[in-house]
Structure formats: structure tokens, C-alpha cells
Amino acid sequence: MLEIKDLTVQYKGNEDNALADINLSFQKGEFVCILGKSGAGKSTLIRCLNGLQKPTEGEIQWEGKLLSDLKEEQLRKVRREMGMIFQHFNLVPRLSVIQNVLTGLFGYRSTFKNLVGWYTKDELNRAKEVIDNVGLTDFTHRRIERLSGGQKQRVGIARALLQQPKALLGDEPVSSLDPGTSNHIFTLLKEIHREHDLLTIINVHDVELAIRYATRVIALKDGVITFDGKPEDFDNDA
Ligand code: ADP
Ligand code: ADP
């Protein structure tokens, strides 16, 4: 479903490769956690997967399409097939839960639509449904700035789901949440993964979380893969 071939990323002004010669293949149904300390290359990898970061060398293939062959318009479509959730949520604080979720339909270009509230009944119903999916029905019209961190990430997940993605990518989505809340978010991600049959790839730095929830763990260190396998086989001290 998603293939990475000989991927190398080098940032300008940085002699070391952020990623060096990475080869990976992801299948539908996997729940992958990518582990690694700060600077290991996790975020660079996720951003390459959805076309936000251009590889220095190598190729990424999504459902048979090479990302490097795609025009901006097609790349936008691919990005919508890969829902994305972020460490700092990337929500609009002054807008309500449902207004933020609805930006999932048209991306940030929908701000105008948000201001005038110009949505079809069907779009509104779909938004309410995903809000219900993440357990925020009672908060539908509450402003983001009045929510807890865990609730904000639920909004981020609902927004991603509204795009009806085939994959869900997370760049440290629980790194600013406490351990209890992080577990709740992972439980939710796992439910959604099962229910919607989503390929899920999440960056985390918490080894225990990865082992508890992942079907596959990949560890990165200084831009190279040091482990790729079952969570029960992962040895953090190796
Ligand atoms: P985090 O670990 O929370 O993701 P970082 O401090 O690693 O945050 O990075 C914050 C931002 O700065 C990211 O957008 C990252 O791409 C960028 N960044 C990280 N390292 C460098 C660097 N050496 N030079 C320029 N930008 C960097
Ligand atoms: P992680 O997500 O595991 O913390 P990153 O992918 O953010 O790792 O970073 C990998 C390496 O690339 C680090 O050495 C970081 O400093 C560097 N890096 C990240 N973003 C940039 C950037 N925009 N410019 C230069 N170097 C960067």
C-alpha cells in the first residue's frame, strides 16, 4: 500500500543525513509505531510519506503511484487519503469543535466556508458523526481554546476522519499529553484503526506506549532503522 525505496533526506546546511537509505513497506491493517529519540528522523519520515517533505534521494509509492510523479493537485488528493494528526493539534483556537472538524473537508481553504457556515446538511451530519466517533458529542459547539489537550487531539482525529482516509499518520500526537490521556488517545486510535481498516503510522518517543498498542515497531536512530519487527521482540537496550 505504501512503499519507501532508498529514501535519503539531507537538510540544507546540515552535513548529516536526517534519513539515510531507508527501505520500508507498509500494508493495510498494520498499526505501526515509529520510535526514536528527538532528532532520530521520525518527523522527517512522516512528512516524506505524505509528500510534505521532498526526498533528497529515493522514492515513495502510495497505492502504486510515485509521489514524485504527481502534480500539486494530485498530491493534495493523496494527502487527503492520508489523514494526519499533529503534536500541537494544528487547530484554530477561536473556532468551535465542529468548525475545526469541517476544515477536514476542504483543508484550510475552507476558512471562508467556515465563516459563512456554508455547508450542506450531509456535510454537517458527517461532521457530527465523526465527532460522535471520538466521544465529543457534548462539546460539538465548544471553542477549541476551552478544551483539554486530550479533547483537542480528539478533534484532530475527527478532522482527519472526515476526509475518509485510507491511512492515518501521526507526528508525535501524544507527546504533549500526560500518560493517562496518552493511553486514552491510543485506545481511540486503535478502535478507529480496526473499525475503518486504516493503515496507521504513529511517531512516539514513549517505548511502553508503542509496545502496548503497535502491531509493528520500527526504531530509528540517527536516520537509520535499528529495529523493525513485532513489539514483543523489541529490546530497548539493544
Ligand atoms: P520536536 O522535537 O518537538 O519535533 P524540534 O525542535 O525537533 O521539535 O523541531 C522543531 C522544528 O524545527 C521542526 O519544524 C523541525 O523541522 C525544525 N528543525 C529541527 N532541527 C532543525 C535544524 N537543525 N535546523 C533547522 N530546523 C530544524
Ligand atoms: P525527530 O522527529 O525524530 O525528532 P527530525 O526528523 O525532526 O527527528 O530530525 C532529524 C534530523 O534532521 C535532526 O538532526 C534535525 O536536527 C534535522 N532537521 C529536522 N528538520 C530540519 C530542518 N528543517 N532543517 C535542518 N535540519 C533539520
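Throughout, residue positions are numbered sequentially from 1 according to the sequence presented. Just follow the structure's listing: the first ligand is 1, and inside any ligand the first atom is 1.
Using a 4.0 Å cut-off between charged side-chain N and carboxylate O, Lys5 and Glu59 make no salt bridge. Remark: Glu123 does not engage Arg126 in a salt bridge, criterion side-chain N to carboxylate O under 4.0 Å.
Contacts of Glu172 with ligand 2, taken as heavy-atom pairs under 4.0 Å, are absent altogether. Under 4.0 Å from ligand 2, the heavy atoms of Asn14 that appear belong solely to its side chain.
Within the 4.5 Å cutoff, side-chain heavy atoms of Lys65 are placed close to those of Val78.
Put simply, no part of His205 is less than 4.0 Å from ligand 2, judged by heavy atoms.
Under a 3.5 Å cut-off, the side chain of Gln153 and the backbone N or O of Phe86 do form a donor-acceptor pair.
Any N or O atom pair closer than 3.5 Å counts here, and Gly41 shares at least one such pair with ligand 2. Polar contact with ligand 2: present for Thr44 (N/O pair, distance under 3.5 Å). Close N/O approach between Lys12 and ligand 2 is not found [any backbone or side-chain N/O within under 3.5 Å].
Ligand-side atoms of ligand 2 in range of Ser43: 1 (P), 2 (O), 6 (O), 7 (O), range being under 4.0 angstrom from any heavy atom. When each atom of ligand 2 is checked for a heavy atom of Lys37 under 4.0 Å away, the hits are 3 (O). Close approach of ligand 2 to Ala40 (heavy-atom distance below 4.0 Å) involves ligand atoms 1 (P), 3 (O), 8 (O).
Ranked by closest heavy atom to atom 13 (C) of ligand 2, the top entry among Gly36, Ser38, Gly39 is Gly39.
The 12-atom threshold is exceeded at CD of Glu81, counting heavy atoms of other residues, nucleotides or ligands nearer than 6.0 Å. Within a 6.0 Å sphere centred on CZ of Arg212, other residues, nucleotides and ligands contribute more than 12 heavy atoms. The neighbour count for His196 NE2, taken as heavy atoms of other residues, nucleotides or ligands under 6.0 Å away, is above 12.
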